[in-house]
Structures are given as structure tokens and as C-alpha cells.
Amino acid sequence: MAANAISPPPPPPLTTSSSSSSSRNLFFAKSNVLFPPRQSSSTRGRILKKSGKGFGVVVKCMSSAAAPPSLLLPKALLFDCDGVLVDTEKDGHRISFNDTFAEKELGVTWDVDLYGELLKIGGGKERMTAYFNNVGWPENAPKSEDERKQFIASLHKRKTELFMVLIEKKLLPLRPGVAKLVDQALGSGVKVAVCSTSNEKAVSAVVSFLLGPERAEKIQIFAGDVVPRKKPDPAIYLLAAETLGVEPSSCVVVEDSAIGLAAAKSAGMTCIVTKSGYTGDEDFVNADAIFDCIGDPPEERFDLAFCGTLLQKQYVS
């Protein structure tokens, strides 16, 4: 679902003023790319040469200024929302859940560590249901299964309202590089979508208020209960590809969690992980590339051209 807006300004150029001799080594662990933070925007992810033996392969990367005009680009760039666009979980969703529990006098508080464990369950309604099934339902909660579903839905609705206030006040900023990568994709004719297990209203608020209406008009949102099974099931990514009219193999996904990575790979898509506050220690062995963030110059980690190199690697191998 997209909002109406004006076309965004042209994206920043994909080249840099740095010499193409400014290159560095990246490490491919078990054929997956593990990237330390990049110190300069002059190092881009164009794979030129492989060498080495044993556990890993050393790959030489050079400036995207040397990238050929025929560089393959994704047909669609698909973002997760929470933890990718904005690091919302600890000081956004968790706080909103706790404020909801307090309003309803449930006697429940999710601390930082507990919420980190609960994030392994995709979806806020599913998260609350699993928690109450495990520790026991509050005394003032309904007893029947149907009434409990309605109770959970009402809690989640209120949580979303409180969360949207935080977003509308712009108390939670975009992560570094998100707006840059979105602009590059839109300016290059690459379709952009957000695929999230979060409530559709909450995701729409993030896109509209933090990315702005001009970008939001061009971004399609797939969120909440739009599919019956949530991540790590691939349903939401397969729905996005079908709706956008692209092959899953031509999509690049940006995720931050192990369950999101599993969903993207099960859908047959290339997946870049940008670790977030809660996911730094998760297992990303199946990721195509791993970074701490997308990044803006001069601390840029990757750009749209790099996404293309991952697809080229996929088709060559």
C-alpha cells in the first residue's frame, strides 16, 4: 500500500572521486561475504578477482567508478522494517508493549533481555500469545481461546497506536544509509518494497514519516496479516515478488534477523544482513553479505551497485 507523493530527487551518484587503486580485501567465509565496516566510500563491492585456498576466499574490491555500464541491478529491493529501516525494537516496540500492559493493568513488563528472546517469534500478536501461553495468562484476561484472540488483538491495536506516536514525533531515526539506498533504487528504476511482520499501519507510519511522502508514494508495503504465515516462512517475500511482477531470483533483500534471513533465502532471494541492536550475535551463515549498517558516505558500507554484484555472482556461479 503506497501513499501519494511527488517524485523523489535524483539519487546521489554511484561513483566516487577516489582513485580506483583504493581497494581492499574482503573475506568470503564459506562463500558468504563478511564485511567489516568500510572506512571510505571509495571502496565498493565490485568483485574482480578471487584467490586463496582453504576455509575462505580473498576477494579484491575496487571503486564502483570502474563498474561497467552494463552492471546488473536488482529488479526489486525489498527491505524489512524493524531493525533495518529503523532500530525500533528496544526503544520503540518494547516500550509500547510495556505501556500497553501497564494501561491494562496486566502486571507484565518485558525487560531488554526478555524482549530480545521474544523477538525470535515473528509478529507482535504471536509474540504475546506465546509469552502468555508459557508464563500464564493475566488474571484479568479472558478464559476462552476465541476471547483471548480478541484480547490479544486489542492489546496489539493499542500498542500500535502508542508506537505510531513515537514515529510521528520522529523520536526514532532512520538507520544510516537507508534513504540513500532507497533513492538510488528509485532513481534507477528498481522497484522498492517493505516486507514486515509488523502491523501495516506501523510500517506505513515509518515509511511515510521517516522516509517522507515523496518516497512513500513509490514504495509498496507488505505487512502484518497480509499473509497467513509470518517469517521465517517465505510467504511475504513470495507475495511481494508476485505482486511486483518480478522473479524472486532477481530480488535483493535487506534483513537484520535470522528469521528474516531464513524467509528471504527460502523465497530464493539474495539477502544482505545489516545487524541491529538485538541481532548482532545471531547466526547469519546463509547470508550473501553481512554489514553493521548500510551507511552514508564517508562511512558507507554498500550501495545499489554492490547489490548488483551479488546478483552477478549468483548468476556466474
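Values below: all heavy atoms of this structure, side chains included; hydrogens, waters and symmetry mates excluded. Numbers for residues simply follow the sequence, beginning at 1.
Under the salt bridge (Lys or Arg N to Asp or Glu O under 4.0 Å) rule, Glu126 has a single partner from Lys230, Arg229, Lys149, Lys231, which is Lys230. For the side chain to side chain donor-acceptor pair (under 3.5 Å) criterion with Tyr115, the lone passing option out of His93, Glu89, Lys90 is Glu89. Between Leu78 and the choices Leu244, Val252, Val194, the side-chain contact (heavy atoms from CB on, under 4.5 Å) rule is met once, by Leu244.
The neighbour count for Asp281 CG, taken as heavy atoms of other residues, nucleotides or ligands under 6.0 Å away, does not exceed 12. No more than 12 heavy-atom neighbours from other residues, nucleotides or ligands sit within 6.0 angstrom of CD on Glu247. A 6.0 Å sphere centred on NZ of Lys169 holds no more than 12 heavy atoms belonging to other residues, nucleotides or ligands.
Residue Leu118 holds its CG atom at 9.0 Å from CZ of Phe97, rounded to the nearest 0.5 Å.
In this pair, Trp110 and Phe101 present their aromatic rings perpendicular. The plane angle is above 60°, beyond the 30 to 60° band.
In this structure, Phe306 has its ring center closer than 6.0 angstrom to the ring center of Phe291.
Using a 4.5 Å heavy-atom cutoff, the side chains of Phe151 and Lys104 are not in contact.
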| said: Working note: Lys265 + Asp288, criterion salt bridge (charged side-chain N to carboxylate O under 4.0 Å, His left out); need CA distance, chi angles, decisive distance, verdict. | reply: CA-CA 9 Å; Lys265 298 308 289 183; Asp288 294 281; 2.7 Å; yes
| field | Check against side-chain hydrogen bond (donor to acceptor under 3.5 Å, both in side chains), Asp82 and Thr88 | value | CA-CA 5 Å; Asp82 300 304; Thr88 52; 2.6 Å; yes
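Lys180 and Asp303 are not joined by a salt bridge, as no carboxylate oxygen comes within less than 4.0 angstrom of a charged side-chain nitrogen.
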